[in-house]
Amino acid sequence: MLDFAHNLYYETITKDYMQILSPQLYIKSPGDSAQRLNKMIAYFNKNGISMIADNCYFPMINKIADRLKTQKDQILSDIKKEERLQKRKLTYSDLSDHTRSKIDQLLKQILKEVPSYLDNDAVLLKKQLEFDPERLIGPEDITIPLLMEMNIDQIYTNYGADKINQANHFVVQRTLALNHQLNDTLRDACYPVAGATDYDTALEAGRSFGGAGIQAIALALGAFMSETSYTDSITVNGHSYKLPESLPNNILQCALLTKGFLVGYAQSTRTVPSRMHLLGLGSLMMITTLTAALTGIKQMTFDATSPIYDANQGIFYVNQPARLKLKSEKIAQWLATQAGAQWECNCPFCTKFTQKYPFDYAKGQKIYKNAGLAEIKKEHLMGHGILSECYSLLGGSEISSVRRDIVAARVGHNHWMIKEMVNETTSIAEPTDIVTYVKQTIDNYTTHSASRKQASAYQLAYKIMCADNVEVCLKN
């Protein structure tokens, strides 16, 4: 069973949003509740809508990162200077003693900034239980997420596999201690967060969580998906495998972390977790790719704020002709230059919006031609932009009520695409059919994607997820 947990924001509790999408699962962090949102939680409880209480570490990560910004900026500047001088990517051992000393001091400061985990678990649990949730995101080690938030690559630090493995063992201990404070229902629905940076640390995390008998697991993948770097090698079981070309690291990392954890878990238990939640992962293609190895999990859920953020940035999710993300200015360029081109999305949100604010295709093409534009940019669609009235859904407006309608339609649209993907995936019963479906989806993406390297990364990620032996897969 695959399901999406809607993040509880004002955009996701409007009347239209709830009536059209009929969300049955929300996720919310304690401690940042406005009065209206708290009233919605009471409404959920009354109407049988399930709640996941997040563990509230994300706001803590942001606060610590802000406090350490000056030190972080200086370290990144020093690293950049040294890499420029040596004309290559450096690791911790390559850096000067002076820079390493600064990094060591920052790590000490990070560990000092984080309150005592065991005491904090009890405090957070009390806040989480105020929601009367059906599920909890449990203990987590925030060192790696914090380094990622600060844009400090793990390879620049001495925070290696041994320390990551120790942190995961401690998360397991904290989870077992926390379980004594939970009733039977929540004990089975408390999802501690496994931390990893590569296949090998994920493998060890799987062994640790599986060996402790923990059956509900959360993996934090959102931060990895925001990476923009490329890699030309993959390390599995301590062996480095050269890739034919550099590929997007985020796609491969998410696949390797998920697969590594599942393999390690199976080594301890000979099975898969009964429940798994993927934190911060909203990519339609990434979710589809991962499902190739997640078929035995009874309850598979994921959440992300990216559909909301992307909607505000003018990025539209589509499932046809393939699972793509389209920028509003690229859509507008197509509408303005192709004869007969129309925005043909028939989702309820786009349908309602365009009935109220219709596209004027003829006027848009005329303005584009007369203005002699070489390329439509975002400013042409915003506010007083020359195309804003022709393509309202794609831009912005000086009128606040219209702006609200635009954002609501785009947020709703992106979540509708997620719902379509979830419904399509869950309609497939047989694991072998799921694997075939994932391959067909990736092949379709390969045909229609503008990025050949992204398509190649998804093809490799699919092979990794399906492999009985990942090393054999990489050798071939």
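The chain is numbered in sequence order, starting from 1.
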query: Can you tell me if NZ on Lys419 sees more than 12 non-hydrogen neighbours from other groups inside 6.0 Å?
result: yes
Which pairs of donor and acceptor atoms, one on a side chain in residues 207-225, lie under 3.5 Å apart (sequence neighbours left out)?
residue, atom, partner, partner atom, Å
Arg207, NE, Gln267, OE1, 2.7
Arg207, NH1, Glu204, OE1, 3.3
Arg207, NH2, Gln267, OE1, 3.0
Ser208, OG, His169, ND1, 2.9

query: Can you name the residues that form a side chain to side chain contact (heavy atoms under 4.5 Å, CB included) with Lys378, not counting sequence neighbours?
result: Gln313, Glu329, Met382
Residues forming a ring-ring contact (aromatic ring centres under 6.0 Å, His included) with Phe4, sequence neighbours excluded: His6, Phe302, His415
message: Using every non-hydrogen atom in the two residues, find where Leu335 and Gln365 come nearest and quote the distance to one decimal.
response: O-NE2, 2.9 Å
message: Rounded to the nearest 0.5 Å, what separates atom NE2 in His380 from atom OH in Tyr391?
response: 12.5 Å
field: Selection residues 188-200 - residue pairs positive for side chain to side chain donor-acceptor pair (under 3.5 Å), sequence neighbours left out
entry: Gln154-Thr197, Tyr191-Gln299, Asp198-Thr201
Minimal non-hydrogen separation, Ala255 against Met465, with atom names: O-SD, 3.5 Å
field: Shortest non-hydrogen contact between Leu393 and Arg410, atoms and distance
entry: O-NH1, 3.0 Å
- prompt: Is there a donor-acceptor pair under 3.5 Å between the side chain of Asp141 and the backbone N or O of Phe170?
  reply: no
task: Any side chain to side chain donor-acceptor pair (under 3.5 Å) involving residues 249-259? Give me the pairs, sequence neighbours left out, ordered by first then second residue.
output: Glu227-Asn249
- request: Using the test side-chain hydrogen bond (donor to acceptor under 3.5 Å, both in side chains), find all partners of Asp66 that sit at least two apart in sequence or belong to another chain.
  value: none
field: ring-ring contact (aromatic ring centres under 6.0 Å, His included): pairs with one or both residues in residues 304-339, sequence neighbours excluded
entry: Phe316-Trp343, Phe316-His413
message: For the NZ atom on Lys463, are there more than 12 heavy atoms of other groups (residues, nucleotides or ligands in this structure) within a distance under 6.0 Å?
response: no
- request: Looking only at non-hydrogen atoms, find the nearest pair between Ala205 and Gly195 and report the distance.
  value: CB-O, 4.1 Å
Glu375/Lys330 salt bridge by N-O under 4.0 Å criterion: yes
statement: The reported gap from CZ in Phe131 to CD1 in Ile27 (rounded to nearest 0.5 angstrom) is 10.5 Å
query: What heavy-atom pair brings Gly395 and Ile406 nearest, and what distance separates the two atoms?
result: O-CG2, 3.6 Å
task: Return yes when atom CZ of Phe58 has more than 12 non-hydrogen atoms of other residues, nucleotides or ligands closer than 6.0 Å, and no otherwise.
output: no
message: Tell me whether Thr14 contacts the main-chain N or O of Tyr10 through its side chain, where contact means a donor paired with an acceptor under 3.5 Å.
response: no
task: Name all residues meeting the side chain to side chain contact (heavy atoms under 4.5 Å, CB included) criterion together with Ala457; count only those two or more places apart in sequence or in a different chain, and write none if there are none.
output: Leu247, Pro248, Ile251, Leu252
Would you mind writing out the side-chain donor-acceptor pairs for residues 282-295 within the sub-3.5 Å range, not counting sequence neighbours?
residue, atom, partner, partner atom, Å
Ser283, OG, Met286, N, 3.1
Thr288, OG1, Leu284, O, 2.7
Thr288, OG1, Arg323, NH1, 2.8
Thr289, OG1, Met285, O, 2.7
Thr291, OG1, Thr288, O, 2.5

message: Minimum heavy-atom separation for Val236 and Tyr241, please, with both atom names.
response: O-CE1, 4.1 Å
- prompt: Looking at residues at least two apart in the chain, or sitting in another chain, which of them share a ring-ring contact (aromatic ring centres under 6.0 Å, His included) with Tyr357?
  reply: Phe353
query: So, does Asn7 use its side chain to make a donor-acceptor pair with the main chain of Ala304 at under 3.5 Å?
result: yes
For Phe349, ring-ring contact (aromatic ring centres under 6.0 Å, His included) partners two or more places apart: none
query: Residues two or more places apart in sequence or in another chain: which of them pass side chain to side chain contact (heavy atoms under 4.5 Å, CB included) with Ser451?
result: Ser449, Lys453, Gln454
